[in-house]
Trainee: 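Following this message is one structure expressed as structure tokens.
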Amino acid sequence: MTVELHPAMARAFEEADAAVERGEVPVGACVTGPDGNILSSAGNRTRELYDVSAHAEILAIREAGSVLGKERLTGCDLHVTLEPCAMCAAAISFARIGRLYFGAEDQKMGAVENGPRFFTLPTCHHAPEVYAGLGESRSRELLTQFFKERR
């Protein structure tokens with residue numbers, strides 16, 4: 001039985017697939033507006049842009065802010081294929097994302113359910129609702145295959 005993904009998570013996976021084609025770690029992200037429509041999407045571009053901050057989440061948040069013409073994305077949701085790292089979790093908090101949906105957890109670099117658990121820290125001013133495990137097996141397979149081919 002195949003479970004159909006939300007269109008925003010499906011777009012995030014399209015971005016992750018495109019990242020693989022560029023030789024990037026396969027992570028994709030998509031921001032939806034308060035009306036549920038897709039505002040932006042991006043895949044990792046750290047190697048392409050020579051920018052360690054060019055994670056899918058950061059790029060999608062930047063683009064959504066440009067589309068809306070504001071730095072706060074109140075009422076917006078973020079769908080991402082992998083648990084965000086500390087840098088991305090901070091950006092999610094600063095942007096005031098309402099809900100975070102992610103695929104696979106990241107025991108090594110994740111900062112939402114693993115590592116520092118950023119949204120539970122007293123220094124975190126805004127914590128989104130978090131929903132994990134959406135498309136988890138597909139995300140894990142993408143990552144496993146990507147790193148297997150590079151070793």
Side-chain angles (χ1 to χ4, degrees), residues 3-106 108-121 123-143 146:
V3 176
E4 193 167 321
L5 292 173
H6 184 280
M9 188 58 96
R11 174 76 67 85
F13 275 107
E14 289 172 11
E15 293 286 359
D17 290 337
V20 170
E21 296 300 317
R22 294 190 301 272
E24 301 277 359
V25 174
V27 178
C30 182
V31 176
T32 55
D35 61 1
N37 289 324
I38 293 174
L39 294 173
S40 64
S41 64
N44 277 357
R45 292 183 179 274
T46 59
R47 298 176 134 233
E48 176 185 343
L49 300 176
Y50 307 106
D51 179 356
V52 296
S53 71
H55 288 197
E57 301 95 317
I58 300 291
L59 297 174
I61 288 169
R62 286 178 183 163
E63 184 181 342
S66 292
V67 167
L68 294 176
K70 54 187 178 180
E71 76 279 9
R72 301 271 196 250
L73 302 178
T74 305
C76 294
D77 297 337
L78 177 67
H79 293 74
V80 62
T81 59
L82 183 66
E83 178 182 359
C85 68
M87 174 183 68
C88 293
I92 291 163
S93 178
F94 292 148
R96 305 299 194 262
I97 295 288
R99 286 180 292 265
L100 167 65
Y101 301 89
F102 72 85
E105 68 175 35
D106 185 349
K108 188 173 181 181
M109 293 297 297
V112 177
E113 293 188 344
N114 291 281
R117 298 179 185 222
F118 185 88
F119 301 129
T120 66
L121 297 175
T123 54
C124 177
H125 297 294
H126 169 79
E129 294 174 32
V130 176
Y131 302 91
L134 295 121
E136 180 176 12
S137 60
R138 181 172 177 198
S139 179
R140 193 164 310 292
E141 177 59 31
L142 266 173
L143 290 158
F146 177 81

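Please read these numbers as outputs of a predicted model, since none were measured by experiment.
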Trainee: So, do F102 and L78 sit near enough that their side-chain heavy atoms are less than 4.5 Å apart?
Mentor: no
Trainee: So do Y101 and H6 actually touch side chain to side chain, heavy atoms under 4.5 Å?
Mentor: no
Trainee: What are the two closest non-hydrogen atoms of F13 and L142, and how far apart are they?
Mentor: CD2-CD1, 3.9 Å
Trainee: Do E105 side-chain atoms and N114 backbone N/O form a donor-acceptor pair below 3.5 Å?
Mentor: no
Trainee: Would a distance-only check, ignoring hydrogens and angles, find a side-chain to backbone donor-acceptor pair under 3.5 Å from D77 to R99?
Mentor: yes
Trainee: Tell me whether N44 contacts the main-chain N or O of A56 through its side chain, where contact means a donor paired with an acceptor under 3.5 Å.
Mentor: yes
Trainee: Do R47 and R22 have side chains that get closer than 4.5 Å, going by heavy atoms?
Mentor: no
Trainee: Could you tell me the separation between the CG atom of L82 and the CG atom of D106, rounded to the nearest 0.5 Å?
Mentor: 4.5 Å
Trainee: Taking S139 for the side chain and T81 for the main chain, is one N or O donor matched with an acceptor at less than 3.5 Å?
Mentor: yes
Trainee: So, do L100 and V112 sit near enough that their side-chain heavy atoms are less than 4.5 Å apart?
Mentor: yes
Trainee: When rounded to the nearest 0.5 angstrom, what distance separates CE in M9 from CZ in R138?
Mentor: 10.5 Å
Trainee: Do H79 and T32 have side chains that approach each other closer than 4.5 Å (heavy atoms only, starting at C-beta)?
Mentor: yes
Trainee: Under a 4.5 Å cut-off applied to non-hydrogen side-chain atoms, are S53 and M87 in contact?
Mentor: yes
Trainee: So which heavy atom on A104 is nearest to which on E136, and how close?
Mentor: CA-CG, 3.8 Å
Trainee: Would you tabulate the side-chain donor-acceptor contacts of residues 57-76 under 3.5 Å, counting partners in other chains and residues two or more places apart, or write 'none'?
Mentor:
| unit_1 | atom_1 | unit_2 | atom_2 | d |
| --- | --- | --- | --- | --- |
| S66 | OG | R62 | O | 3.3 |
| R72 | NH1 | F94 | O | 3.0 |

Trainee: Donor-acceptor pair, E15 side chain versus A29 backbone, under 3.5 Å?
Mentor: no
Trainee: Taking side chain as C-beta onward, heavy atoms only, is D51 less than 4.5 Å from R45?
Mentor: no
Trainee: Can you sort out the partners of S93 under side-chain contact (heavy atoms from CB on, under 4.5 Å), two or more places apart, ordered by chain and number?
Mentor: F118, F119, C124, H126
Trainee: According to side-chain contact (heavy atoms from CB on, under 4.5 Å), who are the partners of E14, at least two apart in sequence or on a separate chain?
Mentor: R11
Trainee: Is D17 close to P26 at the side-chain level, that is, under 4.5 Å between some pair of heavy atoms?
Mentor: no
